Amino acid sequence: MNDKFLKPYNPQETESRIYDLWEKSGYFNPDNLPGASSRTPFTIVMPPPNANGDLHAGHALFITLEDIMIRYKRMRGYRALWLPGADHAGFETQVVYEKKLEKEGRSRFGMDPQDLYKEIYDFTLANKKIMEGQVRSLGASCDWSREKFTLDPEVVEKTQKTFVKMFDDGLVYRGKRAINWCSKHQTSLSEVETESVEEATPFYYFKYGPFEIGTVRPETKFGDKYVVMHPDDKRYAEYAHGQKLTVEWINGPIEATVIKDAAVDMEFGTGVMTITPWHSQVDFEIAQRHNLDIEQIIDWRGKLLPIAGEFAGINIKEARPKIAEKLKEKGLLIRIDENYKNVVKRCYKCSTIIEPQIKDQWFVRMEPLAKMALGAVDKGDLKFIPDNYEKIFRYWMSNPIDWNISRQIVWGIPIPAWFKGDEIKASVESPGEGWSRDPDTFDTWFSSGQWPLMMTGFPESRDFGTYYPTDVMETGHDLIFKWIPRMVIFGLYLTGKSPFHTVYLHGLVNDAQGKKMSKSKGNVINPLVLTDKYGSDALRMTLIVGNTPGTDLALREDKVKGYKNFANKVWNIARFILPLENSGDLKQELVDEFNTTARDITSDMEGYRFHLAAEKIYHYIWHRLADEIIEESKAETKGEIKEEYKATLHYLLENSLKLLHPFMPFVTEEIWSELRNLPTSKLTNLLMVESWPQ
RNA sequence: GGGCGAUUAGCUCAGUUGGUAGAGCAACCCCUUUACACGGGGAAGGUCACAGGUUCGAGUCCUGUAUCGCCCACCA
């Protein structure tokens, strides 16, 4: 027996060596597995980590979960393929990079877009490399030979072709609509990139001619020359649609026009409102219905335009109280309701209040696509774990809002759209002389939504035939709206098949007190610090045991320590058993008992109950094999082992290592090589390709 | 305003189809016994949020209540 067994298990000296062994074996690529062509494929596409920072605890969790599934299926005889990649993460990365620029006293505004792109590209590639090393350190048995990046030229071109196809199919349109504008980041954002927070906002009642109007946004009211009420509202029956009135307003008298529209809620406020179509989707729709003038009041930086007269150039935040004050001086302020609660949208990155602005953008028509997705769920082609997420998915798909895919940032895939006067064309290459390209880039989810297709070699390749549709999509439950629907939609639209049959959603990894980790709270736990200290196997077990799908997990260091002790326990079991001669009969009742446990664990693995499987193998190894069976095997004479136990102990150790391997791959593989007395240069007979106990 | 989830031992959490409550850590007692002190043995600890209901039987199913958490939402 190797001398290293005389010392406690040392993950630091073991893990990277074992990982190299696996990687060199070539078995991460399932085409190299013994009998590959006759194996049934099992495929997982790794959610590509954003290549803009270190791996966090959430990454560690998904890498562990997916690696468990892949290792299990590989041992079960499947052609197990796990496809790794990295995401350029458009807006996310640009925000990270802008912060970096800010620290250096620089700004992206005024920079040459080409230079900026090049800088972010270098930054991202450097991060990507570091990140890949971190994924390896957690033991991920993914096929690096098939790795892709969302900005690989081939991926970019395919992504653009999808847009062109959707344009031809009438599924994308260029249109004016109220978009979510972040005045700090100078870009539009999709619905999922904003967060709505309820806030107490003063609600002002102003006198507007003969009417009383309510608003939370006096600063938008300069252009309000339409006063709208419900056609059935008897209180205002004397006023006719289209009637003109002269009213005294902020900067003097204006001519107001009465508009009757059913969009007005008679119950709310006074039942009368003035509209600001450029800065509200509801108002914009009313304006379109009646063919009204639409005028911008607030510029792209959040300052008032010349229409505001004396207030022009003032930031809207400062302008609001000033304008209210002026209206009060003019005797037009009736009262203020200070207790009004209003929902305010903010940029999910910088919390800047989102300003609705009307802008020409590309939108994806969601309704027909959402119907396809619902159909897949109805047919049972798409299942969710835990299953309550099906309801959430259905709800979202039943109320789809057209998706704005235009972003005014350089870091992304260019939208292949071309303009010449009023003409619009969609094509990857320039249509010719005189056409200018849309300067915008795609929302990052437009490319990551196609990720399962890209990773499997859509539209035609040997891989695509073999590995698409994939099997499981494992990701965080926070992506139930952001990512999952988009992948399902693109998969169904482009191939007619859902890109996966099962969606496994894990919860958030919180701090030891169960509180959400955040940089501002300073409670972020770096998983790599834990693996350095206790080993990756220990962290993996910590993240799995007791962690049910969809439920958040509190990451406690003492738990990690506990599983480091377990790794050492396994090590010492090996130390006890390995020197014993492996011969003679098996004790059938112990074998039967083990097999019953193994079947139970297998059933948990098949049912995605990894938290139970992990706990059961842990319990068996420590409290049954070590505490009881090994103790029983000791003879009266010191140092002697009962003859009839020897072969059985070998049997139980070997098979326990197999059951434990998906969870704790490093320590089990290390013991296995000693068990098989393998020279480290020999790459066959690795535990990772052994058969799962039946 | 809707929706979802949670409420089980001091702490963090398990408990698949209903059958007299489990783990890890912490705390208590004993043991340096020749695989392991990153260890072993033992003891202790819960009216499973509350109130009803279904059932021979409910932590597990149904209804309601309370508290906490998360998500969604273009009523000015």
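Computed over heavy atoms, backbone and side chain alike; hydrogens, waters and symmetry mates excluded. Since the structure is predicted, the reported quantities are computational estimates derived from the model, not experimental observations. In what follows, chains are A, B, ... by sequence order, proteins preceding strands, each numbered from 1.
Take the nearest nucleotide of RNA chain B for Asp604(A) and for Leu553(A): the residue whose nucleotide is more 5' is Leu553(A). Along RNA chain B, the nucleotide nearest Glu285(A) and the nucleotide nearest Glu628(A) are compared for position; the residue whose nucleotide lies closer to the 5' end is Glu628(A).
Phosphate proximity of rC4(B) to Lys391(A): present, with a side-chain N or O under 4.0 Å from OP1 or OP2. Distances shown here put every side-chain N or O of His611(A) at or beyond 4.0 Å from the OP1 or OP2 atom of rU16(B). Residue Asn572(A) places no side-chain N or O under 4.0 Å from the OP1 or OP2 atom of rG39(B). Remark: Asn565(A) is in phosphate contact with rG39(B), judged by side-chain N or O atoms under 4.0 Å from OP1 or OP2. Between rG69(B) and His477(A), no contact under 4.0 Å exists linking OP1 or OP2 to a side-chain N or O. At the phosphate of rA14(B), OP1 or OP2 sits under 4.0 Å from a side-chain N or O atom of Thr548(A). Here Tyr205(A) does not reach the OP1 or OP2 of rA76(B): none of its side-chain N or O atoms lies under 4.0 Å away. In this model, the phosphate group of rC36(B) is not approached by any side-chain N or O of Trp622(A) to a distance below 4.0 Å at OP1 or OP2. Taking only side-chain nitrogens and oxygens, Lys569(A) comes nearer than 4.0 Å to OP1 or OP2 of rG40(B). Put simply, Arg575(A) has a side-chain N or O that comes within less than 4.0 Å of OP1 or OP2 on rC36(B).
Tyr340(A) comes within 4.0 angstrom of the backbone, heavy atoms only, and of no base. Counting any heavy atom pair closer than 4.0 Å across all strands shown, Asp265(A) reaches a base atom. When heavy atoms are screened at a 4.0 angstrom cut-off, Phe5(A) is found touching no nucleic acid atom at all. The residue Phe566(A) sits apart from the nucleic acid: no heavy atom pair falls under 4.0 Å. Looking at heavy-atom distances under 4.0 Å, Asn547(A) makes no contact with the nucleic acid at all. Among the atoms of the strands shown, none is found under 4.0 Å from any heavy atom of Thr274(A). Residue contacts for Tyr395(A): at a heavy-atom cut-off of 4.0 Å it reaches the sugar-phosphate backbone alone, with no base atom in range.
What separates NZ of Lys646(A) from P of rA35(B) is a distance of 13 Å, to the nearest Å. Distance, Met664(A) CE to rC38(B) C1': 12 Å, rounded to whole Å. For the pair Lys616(A) NZ and rA14(B) P, the computed distance is 15 Å after rounding to whole Å. Atom-to-atom, NZ of Lys559(A) to C1' of rU12(B) comes out at 7 Å; the value is rounded to the nearest Å.
Taking atom P on both nucleotides, rU7(B) is separated from rG15(B) by 10 Å, rounded to a whole Å. Here, rC75(B) and rG18(B) have their P atoms 42 Å apart, quoted to the whole Å. When the C1' atom is compared between rG41(B) and rC36(B), the two are found 15 Å apart, to the nearest whole Å. Distance check on atom P: rA26(B) versus rU12(B) gives 15 Å, rounded to whole Å. With C1' as the reference atom, rA21(B) and rA14(B) are 12 Å apart, rounded to whole Å. Of the C1' atoms belonging to rU47(B) and rA51(B), the separation is 14 Å, rounded to the nearest Å.
Checked against a 6.0 Å centroid threshold, the rings of Tyr205(A) and Phe203(A) count as neighbours. For Phe206(A) and Tyr208(A), the ring centers sit 6.0 Å or farther from each other.
Closest approach to the Glu615(A) side chain among rA14(B), rA35(B), rA73(B) is made by rA14(B) (side chain taken as heavy atoms from C-beta onward). Nearest to the side-chain atoms of Asp627(A) among the listed nucleotides rG40(B), rA35(B), rU12(B) stands rG40(B). Among the nucleotides rC71(B), rC38(B), rU12(B), the one closest to any side-chain atom of Lys564(A) is rC38(B). The listed nucleotides are rG5(B), rA76(B), rC74(B); the one nearest the side chain of Ile401(A) is rC74(B).
With respect to Glu195(A) and Arg346(A), no salt bridge is recorded, no charged nitrogen being found less than 4.0 Å from a carboxylate O.
Within a 6.0 Å radius of NZ in Lys383(A), other residues, nucleotides and ligands contribute 12 heavy atoms or fewer. The 12-atom threshold is not exceeded at CD of Glu267(A), counting heavy atoms of other residues, nucleotides or ligands nearer than 6.0 Å.
The base of rA35(B) sits with one of its N or O atoms less than 3.5 Å from a complementary donor or acceptor on the side chain of Glu631(A). You'll find a donor-acceptor pair under 3.5 Å spanning the side chain of Arg609(A) and the base of rU16(B), going by distance alone.
Ring-plane geometry between Tyr608(A) and Phe610(A) is classed as perpendicular, the angle between the planes exceeding 60 degrees on a 0 to 90 degree scale with a lower cut at 30. The aromatic rings of Tyr340(A) and Phe268(A) sit perpendicular to each other, their planes meeting at more than 60°, with 30° as the lower class boundary.
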Strand RNA chain B as a dot-bracket string - pairs counted if Watson-Crick or G-U with both distances under 3.5 Å, | where the partner lies in another strand: (((((((..((((........))))..((((.......))))......(((((.......))))))))))))....
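Contact between Ser656(A) and Leu625(A) at its shortest, heavy atoms only, is OG-CD2, 4.1 Å.
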